[in-house]
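Step one of this worksheet: look at the structure below.
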Number of protein chains: 2
Amino acid sequence: MPAPAVRLSTAEARRSIVIDSAIQVFSLTGYLGTPIAAIAEHAHISPAYVSKLFPNKEALFVAALDECFERAGAALSRGAETSVDRSPDGILSAMGGAYADLIADRSLLMLQVHAQSAATVPEIGAALRRGIEAITTMVRSSSGATDEAVQRFVAYGQLCHLIVTTGLDEVPAEWARLLTAGIRHP
Amino acid sequence: MPAPAVRLSTAEARRSIVIDSAIQVFSLTGYLGTPIAAIAEHAHISPAYVSKLFPNKEALFVAALDECFERAGAALSRGAETSVDRSPDGILSAMGGAYADLIADRSLLMLQVHAQSAATVPEIGAALRRGIEAITTMVRSSSGATDEAVQRFVAYGQLCHLIVTTGLDEVPAEWARLLTAGIRHP
DNA sequence: GAGGTGGGTGACTGATCACTCACTGACTGC
DNA sequence: GCAGTCAGTGAGTGATCAGTCACCCACCTC
């Protein structure tokens, strides 16, 4: 195989490329369902080098999950800042819109679902709690909404996860429309 | 190994025993994370016989998931029937209580989360949609509540899933209490 | 241009697991 | 009491996969 004489990058740059690939591939096939080789292929490097960049598969998944929450938090924060309506409900609504835009490609959201399923792996469960904590406290402080409103915001976010994982937005039946009504999704 | 001279059962009876075991074991370790052998051990039969009773692992998981929705539907239905307050909100509340009792052991709920993660397997996705359809239509017709109220009921149910999968009910921090406030869980 | 550093890989290994198959032994109808 | 049926199993098999190790070569420094 003739190596295409690609310039070598730094390990740090490779790491973030691999994390990007990990988000995309893990989100499609889940933690146990994706071989390291699939992520390596997506990142155009060898599986051996992925194993060199991350101590094990678990650490790679956690890194991807952390990055996923990082991006979600940034999007929500941006939504809150650019909201025209400065009332708590207005800000919450703007955050919801920003979140909807962010998860248009569904991978951030799917990764969270897969993380829930793999939460019995201690490190993954801990990363998940970290991420939810960051989102929750951020939503509360940025919006100034009541605890009940923040809880509702998160609850409808979870409903959104259900809709996307089951593809309910493409089911034309009445019961499906009942569940998807008013939920912003791509 | 001296066979303990156990009376043979019918394949039909074995099947439902295995489905019981499958619910319990799959709910702990997920679809890809549980070997058939673990379910067989729980059911006190050989892995080979599990493979004889079900065409493949996927079919076994789907059978467990169907049973899980069956039980959830029955519990909700019972809750609706025995509600003292006959207003839609009262019935919804009674259903919520019945559901909370049912999922005290968490396996039905966890299985649903694992199913969401494995929903890209066509048969599993289909079973999940079937189950959600049954629950949704049942909740709507039994309670007589508005579409918005039913949607809210499902959304907070999903929040409950998040709480249980991440063990948020045992996190003493303020952000965690914000999310768990008022949610009935065991 | 010699030598060192570090990005990157091929080839392997040991373990796990879904599924199969040939078989045993318990029950049943005659 | 014999023949057929069906519950149930042990011992495989082939495939997949996480992680390792010895190694190669691009680039930098002096």
Side-chain angles (χ1 to χ4, degrees), chain A residues 1-22 25-26 28-65 114 117-118 120-124, chain B residues 1-22 25-26 28-65 114 117-118 120-124:
Chain A
M1 222 172 293
V6 180
R7 257 200 108 57
L8 292 185
S9 63
T10 67
E12 218 29 63
R14 272 292 180 219
R15 269 183 66 95
S16 67
I17 291 174
V18 171
I19 289 174
D20 273 359
S21 292
V25 184
F26 273 136
L28 287 176
T29 41
Y31 176 55
L32 291 172
T34 49
I36 289 180
I39 295 164
E41 191 179 355
H42 189 277
H44 303 293
I45 60 174
S46 71
Y49 193 40
V50 174
S51 288
K52 211 170 217 175
L53 290 172
F54 297 87
N56 49 44
K57 192 179 171 181
E58 186 185 323
L60 174 56
F61 187 83
V62 167
L65 190 59
H114 291 307
S117 171
T120 44
V121 177
E123 274 301 315
I124 295 179
Chain B
M1 221 172 294
V6 179
R7 255 199 111 55
L8 293 184
S9 63
T10 67
E12 218 28 64
R14 272 292 180 218
R15 269 183 66 96
S16 67
I17 291 175
V18 171
I19 289 175
D20 273 359
S21 292
V25 183
F26 272 137
L28 287 176
T29 41
Y31 175 55
L32 291 173
T34 48
I36 289 180
I39 295 164
E41 192 179 354
H42 189 278
H44 304 293
I45 60 174
S46 72
Y49 193 40
V50 173
S51 288
K52 210 168 217 178
L53 289 173
F54 296 87
N56 49 43
K57 193 180 171 181
E58 187 185 323
L60 174 55
F61 187 84
V62 167
L65 190 59
H114 292 307
S117 171
T120 43
V121 177
E123 273 301 315
I124 294 178

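Protein chains get the first letters and strands the later ones, always in sequence-line order, with residue 1 at the start of each. Below, each value reflects all heavy atoms present in this structure, side chains not excepted, and no hydrogens, waters or symmetry copies.
In terms of the side chain to side chain contact (heavy atoms under 4.5 Å, CB included) criterion, residue partners of A:D20 (sequence neighbours excluded) are, by chain and number, A:R71.
Shown for residues 48-58 of chain A: residues whose heavy atoms fall under 4.0 angstrom of DNA chain C, namely A:A48, A:Y49, A:K52. Within residues 30-47 of chain B, the residues approaching DNA chain C are B:T34, B:P35, B:I36, by heavy-atom distance under 4.0 Å.
A cation-pi geometry, defined here as NZ or CZ lying under 6.0 Å from the six-membered ring centre and within 45° of its normal, holds between A:R15 and A:F54.
Closest non-hydrogen pair, B:I39 versus B:L60, comes out as CD1-CD2, 3.9 Å. Shown here for A:I124 and A:E58, the closest heavy-atom pair between the two residues is CG1-CG, 4.5 Å. Minimum heavy-atom separation, A:I36 to A:P47: CG2-O, 4.2 Å. Nearest heavy-atom pair across A:A64 and A:I19 is CA-CG2, 4.0 Å.
Note that the CD1 atom of B:I45 and the CG atom of B:L53 stand 5.5 Å from one another [nearest 0.5 Å].
Ring geometry for B:F61 versus B:F26: interplanar angle over 60°, hence perpendicular rather than tilted (30 to 60°).
Atom CD of A:E12 and atom P of C:dG7 are 10 Å apart (whole Å). Rounded to whole angstrom, the span from the CZ atom of B:R15 across to the P atom of D:dA7 amounts to 12 Å.
In this structure, A:R14 does not reach the C:dG7 phosphate: none of its side-chain N or O atoms is under 4.0 Å from OP1 or OP2.
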